[in-house]
Amino acid sequence: MTAPLFPGRARRSVAALGAVSAGLLLLSACDKPTPLATVTVGSSSVSAESESNCSSNGQDLSMDKVQECLTDPKNAKSIEYGRGDTLRLGVEPEIVEDGKKWQAVLDGQPITEPSSNTYRSFQGADVFATGGQGEAPQSKLLGFVQVGEDGKPLNVWSFKLQLKK
């Protein structure tokens, strides 16, 4: 009769340690989610991560890719906006760490300068104003563009503002 190399308790401990190590290895292979950007109108809020094709993973995004993300977002979250409502924009602190900044863009046009603040508010703004030139659109695309210290784009978050009826 031969004695087991490891007693039962030791075998279970080694198996548990192996399972934990394998789990940690699998988790480390996953992409880290991008920080959230948030749009608030009144008491309604929507938050989103940067879409995977609009995230640079530490590298600069090309200007063509930024334009595509701002004009043709795949999964932009929607929020209703009525004329005169207060529009609040916010980003998680990670977005402005290490000298990075963010800028708000409405239908492809910047509406803010790049900022290291995590919050902007536009009280009573009418983002659907047409300046007397035709009927107001029913929706507008709002984007947040994260830029590095060198001013080059890193990530884009997209939202759709729906005109409240």
Side-chain angles (χ1 to χ4, degrees), residues 25-131 133-165:
L25 182 62
L26 285 173
L27 283 175
S28 68
C30 296
D31 287 335
K32 182 180 172 192
T34 59
L36 296 176
T38 302
V39 176
T40 302
V41 178
S43 61
S44 299
S45 289
V46 290
S47 295
E49 287 184 28
S50 177
E51 292 184 31
S52 61
N53 64 328
C54 298
S55 180
S56 65
N57 296 321
Q59 307 299 318
D60 297 340
L61 284 177
S62 71
M63 289 311 288
D64 289 339
K65 180 55 81 174
V66 171
Q67 235 6 70
E68 178 186 324
C69 294
L70 289 173
T71 58
D72 189 24
K74 306 298 180 227
N75 298 309
K77 299 230 178 151
S78 294
I79 189 166
E80 284 192 336
Y81 179 86
R83 288 189 164 95
D85 284 348
T86 298
L87 179 65
R88 294 177 180 89
L89 312 177
V91 297
E92 289 187 338
E94 292 173 53
I95 292 174
V96 295
E97 286 179 345
D98 303 322
K100 296 178 189 122
K101 296 181 178 186
W102 68 283
Q103 180 172 26
V105 178
L106 186 65
D107 276 350
Q109 299 300 315
I111 60 172
T112 66
E113 293 294 321
S115 173
S116 58
N117 294 327
T118 58
Y119 176 80
R120 297 292 304 254
S121 178
F122 302 91
Q123 192 168 3
D126 186 359
V127 299
F128 288 96
T130 62
Q133 299 178 12
E135 191 174 327
Q138 295 304 300
S139 67
K140 290 211 172 204
L141 293 174
L142 175 65
F144 294 24
V145 180
Q146 179 190 36
V147 294
E149 284 184 278
D150 57 4
K152 294 185 179 174
L154 301 172
N155 292 294
V156 178
W157 292 260
S158 296
F159 299 90
K160 186 181 283 187
L161 296 177
Q162 298 283 110
L163 182 60
K164 208 182 277 185
K165 296 181 177 158

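Smallest separation of non-hydrogen atoms from T118 and P93: CG2-CA, 4.0 Å. Minimum heavy-atom separation, G42 to T40: O-CG2, 3.5 Å. E51 approaches A76 most closely through the heavy-atom pair OE2-N, 4.0 Å. The two residues K74 and N53 come nearest to each other via the heavy atoms CG-ND2, 4.5 Å.
Using modelled atom types, one side-chain atom of T112 and one backbone atom of A104 make a donor-acceptor pair closer than 3.5 Å. A donor-acceptor contact shorter than 3.5 Å links the side chain of W102 to the backbone of N117.
Open room surrounds CD on Q123; 12 or fewer heavy atoms of other groups in view lie less than 6.0 Å from it. The number of heavy-atom neighbours closer than 6.0 Å to CD of Q138, taken from other residues, nucleotides and ligands shown, is above 12. Heavy atoms of other residues, nucleotides or ligands lying less than 6.0 angstrom from NZ of K100 number more than 12.
Among V41, V127, L161, the single residue meeting the side chain to side chain contact (heavy atoms under 4.5 Å, CB included) criterion with D85 is V41.
Taking the side chain as every heavy atom from C-beta outward, R88 and V39 never approach each other to under 4.5 Å.
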Trace of the side chain to side chain contact (heavy atoms under 4.5 Å, CB included) decision for I79 with Q162: CA-CA 6 Å; I79 189 166; Q162 298 283 110; over 6 Å; no
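For the atom pair CZ of F159 and OG1 of T38, the computed distance is 6.0 Å after rounding to the nearest 0.5 Å. Considering CG of L106 and NZ of K140, their distance stands at 5.0 Å, rounded to 0.5 Å. Summarising the geometry, atom NZ belonging to K165 is positioned 7.5 Å from atom CG belonging to L163; distances are rounded to the nearest 0.5 Å. Atom-to-atom distance recorded for F128:CZ and E135:CD is 12.5 Å, nearest 0.5 angstrom. For the atom pair CD1 (I111) and CG (L89), the distance works out to 6.0 Å, reported to the nearest 0.5 Å. Rounded to the nearest 0.5 Å, atoms CG (D98) and OG (S116) are 12.5 Å apart.
Residue pairs satisfying the disulfide (SG to SG under 2.5 Å) criterion with at least one member in residues 69-119, sequence neighbours excluded, are listed as follows: C54-C69.
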I'd like a table of donor-acceptor pairs (distance under 3.5 Å, sequence neighbours excluded) in which one partner is a side-chain atom from residues 141-154, with atom names and distances.
{"residue": "Q146", "atom": "OE1", "partner": "N155", "partner atom": "ND2", "Å": "2.5"}
{"residue": "Q146", "atom": "NE2", "partner": "I95", "partner atom": "O", "Å": "2.9"}
{"residue": "D150", "atom": "OD1", "partner": "K152", "partner atom": "N", "Å": "3.0"}

